Amino acid sequence: MFSRYLKTALAILRSNRERLPHPYKLTLALTHRCNLRCQSCLTWKRPTVGEMTLEEIRRFFQRQRHFSWVDLTGGEITLRPDLPEIIEAVVENSPQLILLHFPTNGFLPEKALRAARAGSGIWGLKRVITVSMDGPPDVHNRLKGTKDSWERAVETFAALRREKGIEVFLGMTLQRDNIELRRQTLAAVRERLPDIQPRDFHYNLAHRSFFYDNLELDPVPDPDIALSELRNLIDGYRPLPGPRKFLERAYLKGAVKFVVQGTSPLPCLAGSSSCFIDPQWNVYPCTGYDRRLGNLRETDFDLGRIWNDPGTVSLQKEIISGHCPQCWTPCEAYQTILGNLFCRRRPMAPSPPEI
């Protein structure tokens, strides 16, 4: 396990000076399907024809064995009956993996627990689950568009906390209708779970995104209110040691700059350290930029052929120069923070692919 952390650290250091020969972080969307009807996301309206299969996922990770960090997302991934097997396939075929994360809306507690118990045989592998929590009961249920979703989310969170080897958080997406309700949300959960603490919450800003099909919606909070709430959140956020605390605090500070200037506070490393793959195996630099780079079914699941294509390299130069939709979501912000540890960078020449 020490060698895994060392190789990841070296990849992060390398990402501070050049484009990586392959991404160390992957966001993999397993499905568009969802059992909720959130006001800020319409992925459930997207077609499910051609959704990736378990055997294809296994084949992909057998060919790409260099990922250190994998986020499994959707849609609601617990709707896939083969989710535990998918997680096992990821873990068994990723010898460099140190972090596996997935979010859930918490509406299906038993299925979330089954998924949480998968992939538990690797010593030192950090497994993290985020349960969506978007406000006190009435607000959460309204934003999720489904009755009883708040109760189910709290039930799932409580059950996951009892599982050994799992880090679980309540994820609150700060949007127009809930950004001033952080304290009320904490108080409501505390009525059910008295030992809940602010550190059990994770916060991120709502964005418009082609993947979440919400470009015509308006989830983005008012800038003045967002600045006030983010600064209050930072003031009350103790900078405890550890990479997660460092990243969360840096993300919040960057969120303030993003709200003020409307652009990413750091040169983005989507397409340099990370990429996004949708349920039909289309490869994109991230969830926010609708620039399809290729389809893995057409390359026999060899990501390298797409990653090292001149068009992909050229697009990454555009992104790092700021010629993209601009966002500050954790999916891209965290590795961007890690890849800008020493200075605010300028566009880089790509490194040659490893043979």
Side-chain angles (χ1 to χ4, degrees), residues 8-28 66-71 73 98-99 101 103 128 130 171 173-174 202-212 226 230 234 237 239 242-277 283-291 293 307 312-351:
T8 302
L10 292 174
I12 290 171
L13 290 174
R14 186 176 182 181
S15 74
N16 278 262
R17 61 181 178 84
E18 62 185 9
R19 183 176 188 264
L20 297 180
H22 46 67
Y24 71 81
K25 191 207 171 182
L26 170 69
T27 301
L28 181 66
H66 48 67
F67 293 115
S68 300
W69 180 350
V70 174
D71 275 1
T73 189
I98 64 171
L99 174 60
H101 167 261
V128 181
T130 305
T173 299
L174 300 175
H202 166 84
Y203 299 97
N204 67 281
L205 279 177
H207 282 68
R208 294 183 181 92
S209 162
F210 82 93
F211 177 70
Y212 297 109
L230 286 168
I234 293 170
Y237 199 95
R244 183 180 68 83
K245 291 293 184 181
F246 164 76
L247 284 174
E248 289 192 358
R249 187 173 176 83
Y251 170 80
L252 293 172
K253 288 183 175 181
V256 170
K257 296 179 181 179
F258 174 77
V259 171
V260 170
Q261 62 196 33
T263 57
S264 174
L266 294 170
C268 181
L269 294 192
S272 177
S273 296
S274 60
C275 66
F276 166 67
I277 300 173
V283 181
Y284 297 89
C286 62
T287 60
Y289 198 4
D290 192 6
R291 287 282 295 271
L293 303 174
W307 185 258
T312 302
V313 175
S314 176
L315 180 63
Q316 189 272 329
K317 290 182 180 179
E318 295 177 26
I319 292 171
I320 206 168
S321 300
H323 300 294
C324 63
Q326 296 296 301
C327 71
W328 190 242
T329 68
C331 292
E332 276 65 59
Y334 285 175
Q335 59 270 30
T336 291
I337 292 166
L338 292 172
N340 287 275
L341 292 174
F342 307 116
C343 62
R344 185 176 178 85
R345 306 181 324 163
R346 296 292 180 248
M348 308 171 297
S351 62

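Owing to the predicted nature of the structure, the values given are computational and were not obtained by experimental measurement.
For F211, the ring-ring contact (aromatic ring centres under 6.0 Å, His included) test picks out H32, F276, with sequence neighbours left out. Remark: Y334 engages no residue in a ring-ring contact (aromatic ring centres under 6.0 Å, His included) (not counting sequence neighbours). In this view, T130 and H101 satisfy the side chain to side chain donor-acceptor pair (under 3.5 Å) rule, not counting sequence neighbours.
Of all heavy-atom pairs spanning L205 and T173, the tightest one is C-CG2, 4.3 Å. What you find for P285 and I319 is that their closest heavy atoms are CB-CD1, 3.6 Å. Considering all non-hydrogen atoms of both residues, L26 and I277 come closest at CD1-CD1, 3.6 Å. Nearest heavy-atom pair, I337 versus L266, reported as atom, atom and distance to 0.1 Å: CA-CD1, 4.0 Å. Across all their heavy atoms, A270 and C286 have their closest contact at CB-CB, 4.0 Å.
Formation of a donor-acceptor pair under 3.5 Å by the K25 side chain with backbone atoms of D71 is not found in this model. At least one donor-acceptor pair closer than 3.5 Å links the side chain of H66 to the backbone N or O of P23. With hydrogens and angles ignored, the 3.5 Å screen pairs no side-chain donor or acceptor of W328 with any backbone N or O of K257.
Under the 4.5 Å side-chain criterion, counting only non-hydrogen atoms from C-beta, Y251 is not in contact with H202. Side-chain contact between V313 and Q316 is absent, with no heavy atoms from C-beta onward closer than 4.5 Å.
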